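Written below as structure tokens is the structure these notes are about.
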Amino acid sequence: GTLKAGFMAWRCSGVSNEELVNNLAASKLLRTPRVIDAFRKIDRGYYAPRSAYDDSPQPIGFAATISAPHMHAEMCERLEPFLRPGMSALDVGSGSGYLCALFAELVSPGGKVIGIEHVPGLVELSKRNLGKDPRGSALIGSGVMEVIVGDGRQGIPGRKFDCIHVGAAAPYIPEALEEQLLPG
């Protein structure tokens, strides 16, 4: 049941990215080989300022948090069919840049991920985090991923996406985002 699943998630913490990923996989929160591989390549230690490998949300400043790893695992597993190589994704409320980097890893090669965040300080934080992460830096440098300041409720006018993830609080689904989502 739900209690057991939540209980298992909190037992996934590790002392390294490798141990965290292994624990998420052993708990069946990470199941798809390519998602597991993305989690191995994108080290959460570059994105969480402290307790990076604890399976709990961590404050990142600006009254925001980086979600718990089991939540990122759940999102990547659920969205994996829409995050295949060559596909495109929009991450609204991209915060630390971690989930964007995971998405970018999943759409590579040939895909595109745009993180949009309304807090300029968080965009700067995510760019610094991505710059510290050798793989994140490579994804930015190759053009697979970018992080911008903007009103996520408006998405990116004129663009269409295979996948739109809204990690920010929203009382309703904005019409602009619905219009930017490709069929399927």
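When reading the values below, keep in mind they use all heavy atoms of this one structure, side chains included, and skip hydrogens, waters and symmetry mates. These numbers come from a predicted model, not from an experiment.
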List the atom pairs, with distances to 0.1 Å, where a side-chain N or O of residues 147-160 and a protein N or O form a donor-acceptor pair under 3.5 Å, not counting sequence neighbours.
| from | atom 1 | to | atom 2 | distance (Å) |
| --- | --- | --- | --- | --- |
| Asp151 | OD1 | Arg153 | N | 3.0 |
| Asp151 | OD1 | Arg153 | NE | 2.9 |
| Asp151 | OD2 | Arg153 | NH2 | 3.1 |
| Lys160 | NZ | Glu179 | O | 2.5 |

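Closest non-hydrogen pair, Arg135 versus Ile42, comes out as CG-CD1, 3.6 Å. Shortest non-hydrogen contact noted between Gly115 and Cys100 is CA-SG, 3.5 Å. Nearest heavy-atom pair, Cys12 versus Ser27, reported as atom, atom and distance to 0.1 Å: SG-OG, 3.4 Å. Here the shortest heavy-atom pairing between Ala89 and Leu83 reads CB-CD2, 3.7 Å. Residues Ser13 and Asn23 come closest through the heavy atom pair O-ND2, 2.8 Å.
By the 4.5 Å heavy-atom criterion applied to side chains, Ser108 and Met145 are not counted as neighbours. Residues Ser137 and Lys127 fail the side-chain proximity criterion, which asks for heavy atoms closer than 4.5 Å. Within the 4.5 Å cutoff, the side chain of Ser126 has no heavy atoms near those of the Ser96 side chain. In this structure, Leu24 and His70 have side chains that are in contact, with non-hydrogen atoms separated by less than 4.5 Å. Under the 4.5 Å side-chain criterion, counting only non-hydrogen atoms from C-beta, Ser67 is not in contact with Pro57. By the 4.5 Å heavy-atom criterion applied to side chains, Thr65 and Ile60 are not counted as neighbours. Between Leu106 and Cys76, some side-chain heavy-atom pair lies under the 4.5 Å cut-off.
Every residue two or more places apart in sequence or in another chain that forms a ring-ring contact (aromatic ring centres under 6.0 Å, His included) with Tyr98 is listed here: Tyr47, His72. In this structure, Arg128 has no salt bridge (Lys or Arg N to Asp or Glu O under 4.0 Å) partners at least two apart in sequence or on a different chain. Here Lys112 pairs with Glu146 under the salt bridge (Lys or Arg N to Asp or Glu O under 4.0 Å) rule; sequence neighbours left out. Partners of Glu18 by salt bridge (Lys or Arg N to Asp or Glu O under 4.0 Å), not counting sequence neighbours, listed by chain and number: Arg40. Scored by the side chain to side chain contact (heavy atoms under 4.5 Å, CB included) test, Ser51 finds Asp54, Gln58 as partners (sequence neighbours excluded). With sequence neighbours excluded, the residues forming a side chain to side chain contact (heavy atoms under 4.5 Å, CB included) with Ala52 are Ala48, listed by chain and number. Take Asp162 and apply the side chain to side chain donor-acceptor pair (under 3.5 Å) test, not counting sequence neighbours, and it matches Ser88.
Applying the side chain to side chain donor-acceptor pair (under 3.5 Å) rule to pairs touching residues 166-176 yields nothing, sequence neighbours excluded. Applying the ring pair (Phe, Tyr, Trp, His ring centres under 6.0 Å) rule to pairs touching residues 115-162 yields nothing, sequence neighbours excluded.
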#### Entry: Evaluation steps, side-chain contact (heavy atoms from CB on, under 4.5 Å), between Ile116 and Asp91
CA-CA 6 Å; Ile116 188 167; Asp91 183 22; over 6 Å; no

### Query
Phe103 and Leu79: side-chain contact (heavy atoms from CB on, under 4.5 Å), yes or no, with the steps?
CA-CA 9 Å; Phe103 286 176; Leu79 297 174; 3.9 Å; yes

#### Entry: Pair Val92-His165, side-chain contact (heavy atoms from CB on, under 4.5 Å): steps then yes or no
CA-CA 6 Å; Val92 177; His165 170 263; over 6 Å; no

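Clustering of Ile, Leu, Val, Met, Phe, Trp and Tyr side chains at separations under 4.5 Å leaves Leu182 isolated, with no partner residue. Hydrophobic cluster membership for Val15: none, as no Ile, Leu, Val, Met, Phe, Trp or Tyr side chain comes under 4.5 Å of it.
There is a path of hydrophobic side-chain contacts, each under 4.5 Å, that joins Leu102 to Tyr53. Two different hydrophobic clusters hold Leu177 and Met87 under the rule that ILVMFWY side chains link at heavy-atom gaps under 4.5 Å. Using a 4.5 Å cut-off between side-chain heavy atoms of Ile, Leu, Val, Met, Phe, Trp and Tyr, with links allowed through other members, Met75 and Val166 fall into different hydrophobic clusters. Both Leu139 and Val107 sit in one connected hydrophobic cluster of ILVMFWY residues. Membership requires side-chain heavy atoms under 4.5 Å apart, directly or through other members. Residues Ile114 and Phe82 do not share a hydrophobic cluster, defined by chaining ILVMFWY side chains whose heavy atoms lie under 4.5 Å apart.
Atom-to-atom distance recorded for Ile66:CD1 and Arg50:CZ is 12.0 Å, nearest 0.5 angstrom. Considering CG of Leu29 and CG of Asp55, their distance stands at 7.5 Å, rounded to 0.5 Å. The distance from atom CE of Met71 to atom CD of Glu74, rounded to the nearest 0.5 Å, is 7.0 Å.
Other residues, nucleotides and ligands contribute over 12 non-hydrogen atoms within 6.0 Å of the CZ atom of Arg84.
Although no hydrogens or angles enter the test, the distance criterion places no donor-acceptor pair under 3.5 Å between the side chain of Asn22 and the main chain of Asn17. With hydrogens and angles ignored, the 3.5 Å screen pairs no side-chain donor or acceptor of Glu77 with any backbone N or O of Leu30. A donor-acceptor contact shorter than 3.5 Å links the side chain of Ser16 to the backbone of Glu19.
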